[in-house]
Amino acid sequence: MSLRAVIEIALHFESFRNIDLFHQGLYHLKARLRQDGGSSGSGSGGTATGSPSVNTQQPSQQQAPIAACPVGSLALEALPSDGAKPGARQSTRPDHHNLIPAHVIEDQATFSTRSFLIRYCEEEVEMNDIGQFRWEISTQDAAKGSVPSLILEVDLMFADLAQHGGADRFGESPDVDSTEFKCVSTARFRLRRLAQGMHEFVPVVFDEFHCCVAHCMIHSALLDYRLRLQPNAQLASIAADGEAEDAAVEGSPRVSQVPLAPPAGLSFAECLFGPDAAIESRDQLLQRAEGIYQKHLDALAASHEKLTSWFKQVCEDCLTPMQREILVGAEVGSPIAKSPAASGDSLSTACTDANGLPTQYRRYLELKLGPRISPRALAGHLSYDLNAAACRVIETWHRALSVLLHAPREVALSLRLPWETYTSRRWASTIVKEPPRADVAETTTEDSCSSHSTMAESLRKQARDLDKEVEDELAVQDLSGIWSMEARPLIFEERYLGGGAAAPPPKPPS
């Protein structure tokens with residue numbers, strides 16, 4: 001058995017804009033989260049929460065396994081127009097930008113946005129679809145900060161409507177059940193620091209043969225800790241290693257006689273403190289319990305604090321006073337009420353914070369348990385306090401998702417500014433501004449074109465190191481839309497002052 005950290009990732013597709021797609025037809029986006037095979041910590045055991053055993057590998061390319069499982073989708077229902085009278089008959093005309101609602105494809109472990117009809121150049125579709133993914137990692141990786149990164153794959157799915165008489169005729173009477181989609185382009189991103197909580201704006205730009213862009217926002221938060229059974233494959237490898245070691249020791253029992261399934265009587269207390277915790281002293285148990293509290297409860301408290309701070313900022317920047325009152329109420333800036341763990345009993349408030357969560361853990365447990373300190377009692381209180389803290393994080397998380405659905409454009413604009421800042425910083429190293437010249441026909445050097453080639457190689461070498469530093473700072477790295485420094489063009493910007501050699505000299509002042 002092991003304690004796993006549960007991280008939820010929300011992919012919010014705000015809008016889609018057709019720049020210059022070659023074909024009219026039906027489109028939608030399909031997203032999945034895979035393990036990062038190139039990441040240093042990718043082998044540390046991140047798993048999908050209840051992800052199905054599916055084979056999403058193509059014969060031509062070996063793909064990494066699914067890391068996070070989609071658990072739901074959110075979309076804002078269309079409201080009737082303001083001019084419609086109560087009880088009036090609604091229009092039966094289909095919405096060409098929402099022919100198939102957003103949904104989760106469980107057997108493929110993917111989230112699919114709404115399907116929309118594209119007929120015009122520069123056509124924009126307001127999607128406002130959110131896909132929720134759950135990802136579980138070991139608590140050891142979360143505590144050490146070695147959380148593996150994930151690969152986000154976004155497929156552009158296309159259905160040809162030529163057999164239906166074209167897009168115009170299909171739009172008059174859409175038959176979406178008879179359409180067949182195929183993937184025409186894929187964008188890939190590397191997601192870092194998901195366990196620390198992230199809120200990033202990402203423009204999903206596909207290749208030059210399918211010129212379009214989808215505005216996406218990625219949000220993540222540490223929500224909870226769950227007790228999970230070890231998979232049989234891991235237990236089998238552990239048993240095999242133990243059997244090989246025991247073979248070298250004469251007279252030792254063979255591990256192969258132990259069943260692969262975990263013991264039925266293993267409790268939460270035994271998972272935390274081990275089977276020998278009952279013989280430890282009171283001070284040793286309190287010291288170990290304090291370390292467990294600091295490791296897990298502090299992480300949930302930090303996640304809640306960061307999420308609440310971002311949520312308050314979004315409400316202040318993106319919502320009107322009336323929207324704040326309707327969506328989040330007047331208590332958006334007020335502290336959360338005390339938890340049941342610190343209310344209704346004689347526990348000293350000096351051991352708890354404004355949210356009712358314990359801060360001085362050893363003192364808190366001594367006052368709460370008194371002389372009845374045992375591994376079972378400590379595990380029970382830890383489970384209760386973790387659940388209380390997780391409930392606060394989950395409540396704030398779902399309130400934030402509700403605000404995202406009602407103010408998608410405003411939140412996207414607020415997150416776009418940081419993205420523009422580091423994108424400008426990343427590309428600034430490839431633009432060289434030369435000193436202005438007096439004449440456009442004359443240069444300060446004899447052979448400026450050949451000197452540009454030499455200077456470009458030197459700048460690429462310097463910019464490569466700077467580009468790597470910027471990439472390490474990025475929470476979301478585009479793996480398909482940004483060229484490597486060797487293939488990236490350098491721009492030499494030349495400016496000249498007005499006049500030139502042919503211009504008459506200025507008259508001297510009289």
Side-chain angles (χ1 to χ4, degrees), residues 9-34 36 38 56 58 60-61 63-64 70 96-100 102-103 105 108-131 133 150-162 167 179-191 200-218 408-409 412 415-416 419-420 422-423 426-427 471 474-484 487-489:
I9 305 165
L11 304 180
H12 187 188
F13 292 93
E14 185 263 332
S15 63
F16 177 90
R17 184 165 69 95
N18 169 30
I19 300 175
D20 193 14
L21 287 170
F22 285 169
H23 301 285
Q24 296 179 338
L26 208 57
Y27 290 87
H28 72 261
L29 304 178
K30 193 162 63 174
R32 70 184 65 85
L33 290 170
R34 297 187 182 275
D36 186 7
T56 57
Q58 299 177 357
S60 60
Q61 183 181 5
Q63 296 179 344
H96 294 160
H97 287 173
N98 191 15
L99 294 176
I100 303 177
H103 58 281
I105 307 176
Q108 299 180 13
T110 59
F111 164 71
S112 178
T113 67
R114 65 182 65 191
S115 298
F116 43 87
L117 185 63
I118 293 295
R119 292 181 291 181
Y120 310 108
C121 185
E122 295 295 337
E123 184 174 0
E124 186 170 353
V125 180
E126 295 183 1
M127 292 191 293
N128 196 18
D129 296 330
I130 298 179
F133 290 79
L150 295 184
I151 297 297
L152 168 63
E153 295 180 352
V154 182
D155 297 336
L156 178 64
M157 307 299 293
F158 166 69
D160 192 4
L161 303 179
T179 56
E180 182 178 356
F181 288 91
K182 63 178 180 179
C183 177
V184 294
S185 183
T186 301
R188 301 175 72 249
F189 302 88
R190 176 176 286 115
L191 309 183
E200 297 289 335
F201 172 82
V202 180
V204 182
V205 182
F206 295 95
D207 56 57
E208 61 272 16
F209 299 104
H210 306 87
C211 194
C212 57
V213 58
H215 289 173
C216 176
M217 292 174 284
I218 304 176
R409 185 63 58 88
L415 294 178
R416 186 185 179 96
W419 172 82
E420 290 179 347
Y422 62 68
T423 300
R426 190 174 187 182
W427 283 92
E471 283 186 359
L474 298 180
V476 181
Q477 179 187 0
D478 191 351
L479 301 179
S480 54
I482 300 296
W483 301 329
S484 62
R488 197 177 303 177

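Worth knowing before you read on, the calculation uses all heavy atoms, side chains too, and leaves out hydrogens, waters and symmetry mates.
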Identify, with sequence neighbours excluded, every residue that meets side chain to side chain donor-acceptor pair (under 3.5 Å) alongside T186.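 Partners of T186 by the side chain to side chain donor-acceptor pair (under 3.5 Å) criterion, ordered by chain and then number, come out as D155.
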
Does the side chain of D129 pick up a donor-acceptor pair with the side chain of T113 at under 3.5 Å?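 There is no such pair (donor and acceptor under 3.5 Å, judged by atom type) between the side chains of D129 and T113.
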
Would you please classify the geometry between the F116 ring and the F16 ring as parallel, tilted or perpendicular, with 30° and 60° separating the classes?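 Correct class here is tilted.
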
Anything under 30° is parallel, anything over 60° is perpendicular, the rest tilted; go ahead and classify F22 against H210.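 The rings of F22 and H210 sit tilted, inter-plane angle from 30° to 60°.
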
When you measure from the side chain of [X] to the backbone of [Y], do you find a donor-acceptor pair of N or O atoms at a distance under 3.5 Å?
{"X": "R119", "Y": "Q24", "answer": "no"}
{"X": "N18", "Y": "Y120", "answer": "yes"}
{"X": "R190", "Y": "Q477", "answer": "no"}

Heavy atoms of other groups near E123 CD, more than 12 under 6.0 Å: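 Correct, the count exceeds 12.
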
Decide yes or no on side chain to side chain contact (heavy atoms under 4.5 Å, CB included) for L152 and L11, but give the supporting numbers first. CA-CA 10 Å; L152 168 63; L11 304 180; 3.6 Å; yes

Taking the side chain as every heavy atom from C-beta outward, state whether [X] and [Y] have any pair of such atoms under 4.5 Å apart.
{"X": "L99", "Y": "T179", "answer": "no"}
{"X": "H28", "Y": "I100", "answer": "no"}
{"X": "C212", "Y": "L156", "answer": "yes"}
{"X": "F181", "Y": "L26", "answer": "yes"}

[atom1]-[atom2] distance between [X] and [Y], expressed to the nearest 0.5 angstrom:
{"X": "M127", "Y": "H215", "atom1": "CE", "atom2": "NE2", "value": "10.0 Å"}
{"X": "S115", "Y": "H97", "atom1": "OG", "atom2": "NE2", "value": "12.0 Å"}
{"X": "D20", "Y": "C211", "atom1": "CG", "atom2": "SG", "value": "6.0 Å"}
{"X": "D160", "Y": "K182", "atom1": "CG", "atom2": "NZ", "value": "7.0 Å"}
{"X": "D36", "Y": "F189", "atom1": "CG", "atom2": "CZ", "value": "14.0 Å"}
{"X": "I118", "Y": "L161", "atom1": "CD1", "atom2": "CG", "value": "11.5 Å"}

Which pair of non-hydrogen atoms, one from [X] and one from [Y], has the smallest distance, and what is that distance?
{"X": "N128", "Y": "H12", "result": "OD1-NE2, 2.8 Å"}
{"X": "R409", "Y": "S15", "result": "NH2-CB, 4.4 Å"}
{"X": "W419", "Y": "P203", "result": "CZ2-CG, 3.2 Å"}
{"X": "R188", "Y": "I151", "result": "NH2-CG2, 3.6 Å"}
{"X": "L29", "Y": "F206", "result": "CD2-CZ, 3.8 Å"}
{"X": "A109", "Y": "R32", "result": "O-CB, 4.0 Å"}

Can you list everything that forms a salt bridge (charged side-chain N to carboxylate O under 4.0 Å, His left out) with E208? Sequence neighbours excluded, please.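 For E208, no residue satisfies salt bridge (charged side-chain N to carboxylate O under 4.0 Å, His left out) once neighbours in sequence are set aside.
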
ring-ring contact (aromatic ring centres under 6.0 Å, His included) partners for F13, two or more places apart: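 By the ring-ring contact (aromatic ring centres under 6.0 Å, His included) rule, F13 matches no residue at all.
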
Please walk me through it: do F158 and L21 pass side chain to side chain contact (heavy atoms under 4.5 Å, CB included)? CA-CA 11 Å; F158 166 69; L21 287 170; over 6 Å; no

Should I9 and L150 be marked as a side chain to side chain contact (heavy atoms under 4.5 Å, CB included) after you check the CA-CA gap, both sets of side-chain angles, and the distance that decides it? CA-CA 11 Å; I9 305 165; L150 295 184; 3.9 Å; yes

